[in-house]
Amino acid sequence: MPEVSAEPTTQGQEAPRGGWQPYHTLWAMLLGGWLFSYADRTITGPVVTWLIEHDHGMLGSASHPHALGGLIGSLFFAGYMLTQFPGGYLGDRFGHRTMLAVSLLWAGVATLASGLMSGLIAFVVLRVLTGLGEGVFYSNDRSLIAQRTPPAKAGLGMGVAITGLSIGLTIATISAPYLIDWGGEVLGEEDAWRMPFLVLGGATLAFGWATAVYMRRIGGPLKATGSTLRLLGISAVLCAAVMAVYLIADGAGMPSWGVAILECVLAFLLIGAIFARRSGRLGAVSRNRNVLLLSFAFIAVMWNLWFFSFWSVSIVADAAHSSFQNAALVAAFNAGAGILGFPVGGRLSDQAKARGWGRRPLLIAFTVVQGVLVLVFAAYLQTHERPSLWVMSVLLFVTSLFFNALQPMAHALLNDVVDAAERGAAFGLFNLVGEIGAVISPALSGTLFDHYGSWTHAVYIDGALMLVSALLYMLIREHTARAA
């Protein structure tokens, strides 16, 4: 029986007035989950930048190091993308609480193991496995918030929880230079890069255990054994498929961006097989016009998120010719804006719906503003030989503020256009399609840098994609009756 009908929910109830409520604690715990899972995946970008700058044997000797480094990020998201839809389905079957706890524990173990690997292939395998485990978090997080939060506060709850994404990005970006320096003192210069993975992996594992305890307390025993075994089986097949595509394509001399596109093709072939086997409720979700429009529009969102999250340190360092530490501090303005943007976007979305305006107009407006600001940032990089760190900081912060605010608007709108029993599958499909952007963006952007010697072209592409997504949002049909 799906968890949505097996456990008590707060849907349909009036929002309690004043005071700390149980759903506030849920938001806080899920915020922590986003924080640790995003710190784990974000740390790869700064570490790759450090490996390239220091001509480390892992990457520095490659003929196109940025393309190879970007491909590592893309392969992580290939794994992350592949478990989006299965993760939502498993959450509907075994319980969203269970899958959230399993995801965090999995991420902690895999991140720790990433710091223990020596060869490039082994390291890539661990990053793919990390992505596969973290991929089940998103759809179950969104579903559990919708299930246990009063409807009038669903957008705010989604915004508050996903603020952890921005905090995790900020922590990983700022701490990377210092953790690597510490790693040099403890492990030696050659192995300094391992320390961020060891520290963040250990912290994630500890928080994963705390999350499992909390989830058991709020809803009873977790169906951890069956769900973990099922996820392990799915992940073993998917990891083998991802690595097979990578090794075959790399052996054939295919460029990094081409490998990333092949991984996306693989994802849809595998998900197509799932639809063929389970055509009922899953098929209904895939035929929902609004779900599909939101999903394809979100490709640009995930492209933007992981272009700047993976390469922001390198963008600043290259443009301003600054040190690794200074570049990380400036890049943190991009990551940190979500601490304000996410909850504000969710709250504004709830208010717009309550007044009968609907969420869609606000989502379109924020997307257009964000896309234009990205193009302004690209023009600034193009027209200034040595851009100001202060100007880049302001542009990154304001652009990211609008970008982070629009995300919970889209999440809450998706929640509005699907039935409760289909939430896990709908959010899984939504993020699966959106992750196309995350898979292709790091590899293609790194390839463009190696070719042109500048990040400007990649930034222009990013801004243009955001404006295209705004056009797709305009096609969504939203019921805008005033909330009771």
Once the angle between the rings of [X] and [Y] is folded into 0 to 90°, is it parallel (under 30°), tilted (30 to 60°) or perpendicular (over 60°)?
X: Tyr138; Y: Trp34; answer: perpendicular
X: Tyr380; Y: His384; answer: tilted
X: His411; Y: Phe430; answer: perpendicular

Legend entry - Distance in Å, Ile162 CD1 paired with Ile167 CD1, rounded so as to fall on 0.5 Å steps: 11.5 Å

Legend entry - Gap separating the CZ atom of Phe298 from the CG atom of Asn304, nearest 0.5 angstrom: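 Phe298 atom CZ to Asn304 atom CG measures 10.5 Å (nearest 0.5 Å).
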
Legend entry - Residue of the set Phe403, Phe402, Tyr473 for which side-chain contact (heavy atoms from CB on, under 4.5 Å) holds with Thr367: Tyr473

Legend entry - Of Leu30, Asn404, Val344, Leu31, the residue whose pairing with Thr163 passes side-chain contact (heavy atoms from CB on, under 4.5 Å):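 The option that passes is Leu31.
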
Nearest atoms (heavy-atom pairs only) where [X] meets [Y]:
X: Ala161; Y: Ile145; result: CB-CD1, 3.6 Å
X: Leu156; Y: Asp350; result: N-OD2, 2.7 Å
X: Leu381; Y: Pro387; result: CD2-CG, 4.0 Å

Distance-only donor-acceptor check, side chains [X] and [Y], under 3.5 Å:
X: Tyr38; Y: Glu134; answer: no
X: Trp27; Y: Thr149; answer: yes
X: Arg41; Y: Thr130; answer: no

Any non-hydrogen side-chain atom of [X] less than 4.5 Å from a side-chain atom of [Y]?
X: Thr111; Y: Arg127; value: yes
X: Phe366; Y: Leu348; value: yes
X: Leu179; Y: Leu198; value: no
X: Leu465; Y: Ile299; value: no
X: Ser37; Y: Thr204; value: no
X: Phe197; Y: Met117; value: no
X: Ile436; Y: Ile261; value: no
X: Leu71; Y: Pro442; value: no

Legend entry - Near-ring test Phe123/Trp193, centroid separation under 6.0 angstrom: yes

Inset, instruction - Before giving the answer on salt bridge (charged side-chain N to carboxylate O under 4.0 Å, His left out), spell out for Asp191 and Arg194 the whole-Å C-alpha distance, their side-chain angles and the decisive distance to 0.1 Å. - result: CA-CA 6 Å; Asp191 293 322; Arg194 301 179 185 276; 3.1 Å; yes

Legend entry - CZ (Phe296) with more than 12 external heavy atoms under 6.0 Å: no

Legend entry - Backbone of Leu129 reached by a side-chain donor or acceptor of Trp106 within 3.5 Å: yes

